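Taking it in order: structure first as structure tokens, then the write-up.
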Amino acid sequence: MFLGVAFGIAACMIWGFAYVAPLILTSYDPMLIALGRYTAFGCLSTGLALTQLKEFRHYKAADWKRALALGLIGNLFYYWLLAEACQRAGAPVAGAFTAMIPILVALIGNLRAKKHGRAIAWKALVPPLFLVLFGMICLNGTEFVYLVESGRQTNANFWTGVAFAFVSLFIWTWYPICHGEWLIDHPKRSPQAWSTAQGMTLLPASLIGVAVYVFNADPAQPVLGETPMLYLTVSVILGVVTSWVGIWLWSLMSQRLPTALGGQMIVFETLFAVVYTHLWREVWPTPLMLIGMAFLLVGIVGALRAFRTPA
């Protein structure tokens, strides 16, 4: 179990960079950032697939469909939403929504357990959920003040970013459950190959997206922006390290931990997102943000503890 937790934390440490990348590429359309990331991910995966053909012989049509769904919805569409949220509302806000995923996993698990008479009393989850809500308000409030005072955002733009983060929350709740259940159901399958399969099935959609984006782009503006080398470098890091290596580490964790327990590891993604963002800004987190993070973590621990306690 310790090894599984270590893999989960390592994956979240890598995924934390995904929140900073849109801040590095502030002049780039979030969709172009997402397409660059997953084109790089798809190209790497397609090349690696040549070394994993023996493994893929065991895959059925249903397995490829799930890999495609995880790639399109759980990767490309999710990261577009996340990039929009980071640029509009700030990476800490986007990360705060991610921190709610463990609770959603617990709630979904409780709903499923109810059918088998193993659910806990809902009143046990109310106090920790209020702590999480209070933490979210603190995090959103301090980040809102920062962005408005910086003169870079409008109120409407901020709350639009919050909406993008809200939708991404549900997608990233579905992803670890769907991703982990497949690995648990197929214990003999390679986590590396499962990561490769998602990138390989995603490549055609990424290339089509790039073609559509280029076709509709302003001919007077460079396709890759004013800093093409920076864009390409960040895209390769996102595609190779953040995507392939991150999913591989998460897959190693998913084979070692139950889905509900594995979902709890996502809280570290929030922590790394906040740390990386403030390192990039070269500022310390505000006291209100630290209070929000504390309440968020205490609420999550309380909710998960309640979920594990029999009624």
Side-chain angles (χ1 to χ4, degrees), residues 2 5-6 8-20 23 82 85-86 88-110 120 122-150 153 158-159 161-166 168-170 172-173 176 253 257 260-309:
F2 173 79
V5 171
I9 294 175
C12 291
M13 183 183 299
I14 290 174
W15 282 340
F17 177 71
Y19 295 80
V20 183
L23 306 182
L82 181 66
C86 288
R88 294 172 182 267
V93 171
F97 275 89
T98 303
M100 291 186 65
I101 292 174
I103 287 187
L104 285 180
V105 173
L107 293 176
I108 294 172
N110 200 41
I120 66 171
W122 289 110
K123 63 181 181 181
L125 289 176
V126 172
L129 285 177
F130 270 110
L131 291 176
V132 170
L133 177 62
F134 183 76
M136 289 283 294
I137 293 173
C138 291
L139 282 170
N140 279 302
T142 189
E143 189 66 10
F144 174 71
V145 171
Y146 168 82
L147 291 173
V148 171
E149 288 183 348
S150 69
Q153 304 292 334
F158 174 83
W159 293 113
V162 170
F164 278 113
F166 185 75
S168 71
L169 161 68
F170 291 98
W172 203 236
T173 299
M253 180 215 70
L257 300 178
L261 179 57
Q264 299 173 35
M265 296 297 102
I266 299 176
V267 72
F268 290 99
E269 186 176 340
T270 297
L271 296 177
F272 286 117
V274 172
V275 170
Y276 294 163
T277 301
H278 284 79
L279 286 174
W280 173 254
R281 292 175 178 171
E282 297 182 347
V283 297
W284 288 96
T286 64
L288 184 60
M289 178 169 284
L290 293 176
I291 292 173
M293 288 297 298
F295 274 97
L296 194 66
L297 291 173
V298 172
I300 288 173
V301 171
L304 294 171
R305 182 176 298 176
F307 182 72
R308 290 196 296 268
T309 302

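None of the values given here were measured: they were computed from a predicted structure.
The side-chain hydrogen bond (donor to acceptor under 3.5 Å, both in side chains) check on Trp15 picks up nothing, with sequence neighbours excluded. Qualifying side-chain contact (heavy atoms from CB on, under 4.5 Å) partners for Leu131, counting only residues two or more places apart in sequence or in other chains: Phe295, Val298. Taking the ring-ring contact (aromatic ring centres under 6.0 Å, His included) definition, one finds that Tyr276 meets it with Phe272, sequence neighbours left out.
Distance check: Phe166 CZ to Trp159 CH2 gives 12.5 Å after rounding to the nearest 0.5 Å.
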